[in-house]
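Each remark here refers to the structure printed beneath this line.
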Amino acid sequence: MNTQFDIAIIGGGPVGAALALALRGSKFKVCVLETRPANTASNDARALALSYGSRLLLDRLRVWDALHDVSDIRTIHISQKQSFGRAVLHAAEMNVPELGYVLPYPALQDALTDALQSSDVASIYGASVTQLKSETDHAVISYQQDGAEHTIHACLAVVADGGKLLAQQFPPEVRDYGQSALITHITCSSPQLNTAFERFTPQGPLALLPFQNGYELVWTAPHQAAQDMLTWDDAKFLHELHQHFGDRVGEFLTVGKRTCFPLGLRRAPQQVPMPHTVLLGNAAQTLHPVAGQGFNMGLRDAWELAQEILDASPETLGSETMLAAYRADRRTDREAGIRFTDGLVRLFSNDLPVLSAGRAAALTALDCLPFAKKFVAKRMMFGANG
Ligand SMILES: Cc1cc2nc3c(=O)[nH]c(=O)nc-3n(C[C@H](O)[C@H](O)[C@H](O)COP(=O)(O)OP(=O)(O)OC[C@H]3O[C@@H](n4cnc5c(N)ncnc54)[C@H](O)[C@@H]3O)c2cc1C
């Protein structure tokens, strides 16, 4: 087993794998270390809403055509419970074929993993990284595989593990919204083709993402309420959902397996005081899923980092100059994405009458002002650098 790499990516989740694919065929030797054993399907229940901008990046990574389980979003309907005011965004108004897409996390993961396994990147599965250290001119990565300890050296270590490995050493800034997301698949009597719904309620936002014969539901609620919702029988769940969401898609008919995810904002320091190391994707920032920005932003992180790496020489790879340029490239988009998502959660998750009226006015204004709509849609599709 080779123990010297130019770039070691810790975590072969969707963001780490996307970075590795962007580097395939380059002058650098790249490896991905992933805890999951090889050929094991991910059983993660979440569905992801991908932006049109992410589709373009996945196209460039030659992965898009391998994704079969994808539903299109052409309209997004935004409203708030118990109040007037709503905004509707259409793909045609934005001059794009679709505003976004919905697909299961495992489908994305599998397509990226398949592409990686037929590339020149060394994919090391069943490998749990236990320690990362920096020396003067390289990073040292220790991992366990099949009960044995291994060590590799790399000019650049990319931490794309979702945020655990360095969390104790460099604690992230955390905002606990006190909310969990309950996710499941539902069917209903009047589905609206290719239309996603985002409904803000005082408990938290609720999203219906069009997928196959129904919708992927993301229902946000305070932690205990979300746990209680897991225990309801199907009839009660469908009834309560109708009370909460209203009549826009008719009666809710069936509900699939329900799963809960605790939510919060975790923001790691943009620069960790560890030479030859960079944080990527959820390891750098974990966002509330309200605006469906987490993976979309992580993919832009991966794409931009790949461009910096491809421009680097073997001498400058992993240097502070290279990493500072990457951080500068990403600062605006990252900060804007964090502020936008955090602002939405805090502004909309309460029932103060004065705020409710302000929000209704803002949604109406968004609906009536084409430039405002274009600004919001562009941000959601391409980020702040787009
Ligand atoms: C309910 C919910 C809904 C969401 N909806 C959306 C959405 O609609 N749109 C969107 O853009 N985003 C959404 N997100 C966010 C999105 O899921 C994340 O942003 C995305 O998964 C981040 O990818 P990642 O590769 O950075 O991290 P992860 O997906 O966490 O992957 C990390 C990988 O690292 C591996 N790993 C961990 N530790 C180690 C280790 N020590 N050694 C080796 N490997 C390791 C893991 O096995 C995993 O494969 C949602 C999140 C939630 C919770």
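Each residue takes its place number in the sequence, starting with 1. Order of listing sets the numbers, starting from 1, for every ligand and every atom in it.
- Below 3.5 Å of separation, one finds no N or O of Val218 facing any N or O of ligand 1.
- Across the listed options Tyr125, Tyr101, Phe295, Tyr105, Tyr105 owns the non-hydrogen atom lying nearest to atom 28 (P) of ligand 1.
- Near Gly13, meaning under 4.0 Å from any of its heavy atoms, are these atoms of ligand 1: 25 (O), 31 (O), 33 (C), 49 (O).
- Within a 6.0 Å radius of CD in Gln169, other residues, nucleotides and ligands contribute more than 12 heavy atoms.
- Checking Ile183, Thr35, Thr220 against atom 45 (C) of ligand 1, the nearest heavy atom belongs to Thr35.
- Arg55 CZ to Tyr101 OH: the interatomic distance, rounded to the nearest 0.5 Å, is 4.0 Å.
- A salt bridge is absent between Arg327 and Glu308: the closest approach of a Lys/Arg side-chain nitrogen to an acidic carboxylate oxygen does not fall below 4.0 angstrom.
- Close contacts between ligand 1 and Val15 involve ligand atoms 23 (O), 24 (P), 25 (O), 26 (O) [criterion: under 4.0 Å to a heavy atom].
- The nearest protein atom to atom 51 (C) of ligand 1, hydrogens excluded, is given as Arg46 NH1, 3.5 Å; this is a heavy-atom distance.
- Here the protein heavy atom with the shortest distance to atom 38 (N) of ligand 1 is Asp161 CB, 3.6 Å.
- Within 6.0 Å of atom NZ in Lys133, 12 or fewer heavy atoms from other residues, nucleotides or ligands are found, so the atom counts as exposed in its surroundings.
- Not one N or O of Pro289 is nearer than 3.5 Å to an N or O of ligand 1, by distance alone.
- Within the structure, the closest approach of Ala47 to ligand 1 falls below 4.0 Å when heavy atoms are considered.
- In Asn43, the CG atom is not crowded: 12 or fewer heavy atoms of neighbouring residues, nucleotides or ligands sit closer than 6.0 Å.
- Distance from atom 42 (N) of ligand 1 to its nearest protein heavy atom, with residue and atom name: Val129 N, 3.0 Å.
- Close approach to Ala127 involves these atoms of ligand 1, each under 4.0 Å from a residue heavy atom: 42 (N), 43 (C).
- In terms of protein heavy atoms, atom 8 (O) of ligand 1 is closest to Ala49 N, 2.7 Å.
- Atoms of ligand 1 found under 4.0 Å from any heavy atom of Gly162, numbered from 1 in the order shown, are 27 (O), 30 (O), 32 (C).
- Here the straight-line distance linking atom OH of Tyr326 with atom CD of Gln270 works out to 7.5 Å at 0.5 Å rounding.
- At a heavy-atom distance under 4.0 Å, atoms from both the backbone and the side chain of Glu34 approach ligand 1.
- Using modelled atom types, one finds no donor on one side chain facing an acceptor on the other under 3.5 Å when comparing Asp137 with His276.
- Among Leu48, Ile124, Leu19, the residue whose heavy atom lies nearest to atom 14 (N) of ligand 1 is Leu48.
- Using a 4.0 Å cut-off between a side-chain N of Lys or Arg and a carboxylate O of Asp or Glu, Arg300 and Asp329 do not qualify as a salt bridge.
- Below 4.0 Å from some heavy atom of Gly281 lie the following atoms of ligand 1, by number and element: 26 (O).
- Judged by the shortest distance from any of its heavy atoms, Ser128 lies inside the 4.0 Å radius around the atoms of ligand 1.
- Considering only heavy atoms from C-beta on, Thr184 stays 4.5 Å or farther from Trp219 through its side chain.
- Among residues two or more places apart in sequence or in another chain, the ring pair (Phe, Tyr, Trp, His ring centres under 6.0 Å) test is passed with His138 by His153.
- One finds a salt bridge joining Glu240 and Lys236 here, because a Lys/Arg side-chain nitrogen approaches an Asp/Glu carboxylate oxygen to under 4.0 Å.
- Of the inter-residue distances, the one linking Ile73 atom CD1 with Phe197 atom CZ reads 11.5 Å to the nearest 0.5 angstrom.
- Within the 4.0 Å heavy-atom criterion, the part of Gln293 lying near ligand 1 is the backbone and not the side chain.
- Ring planes of His185 and Phe211: perpendicular class, angle over 60° (limits at 30 and 60°).
- Using a 4.0 angstrom heavy-atom cutoff, Leu33 counts as in contact with ligand 1.
- The closest protein non-hydrogen atom to atom 1 (C) of ligand 1 is Phe261 CD1, 3.8 Å.
- Between the CH2 atom in Trp303 and the CG atom in Leu56 there is a gap of 10.5 Å [rounded to 0.5 Å].
- For Ala160, every heavy-atom contact with ligand 1 shorter than 4.0 Å involves the backbone, none the side chain.
- Near Gly292, meaning under 4.0 Å from any of its heavy atoms, are these atoms of ligand 1: 7 (C), 8 (O), 9 (N), 10 (C), 11 (O).
- Closest to atom 18 (C) of ligand 1 among all protein heavy atoms lies Asn282 OD1, 3.4 Å.
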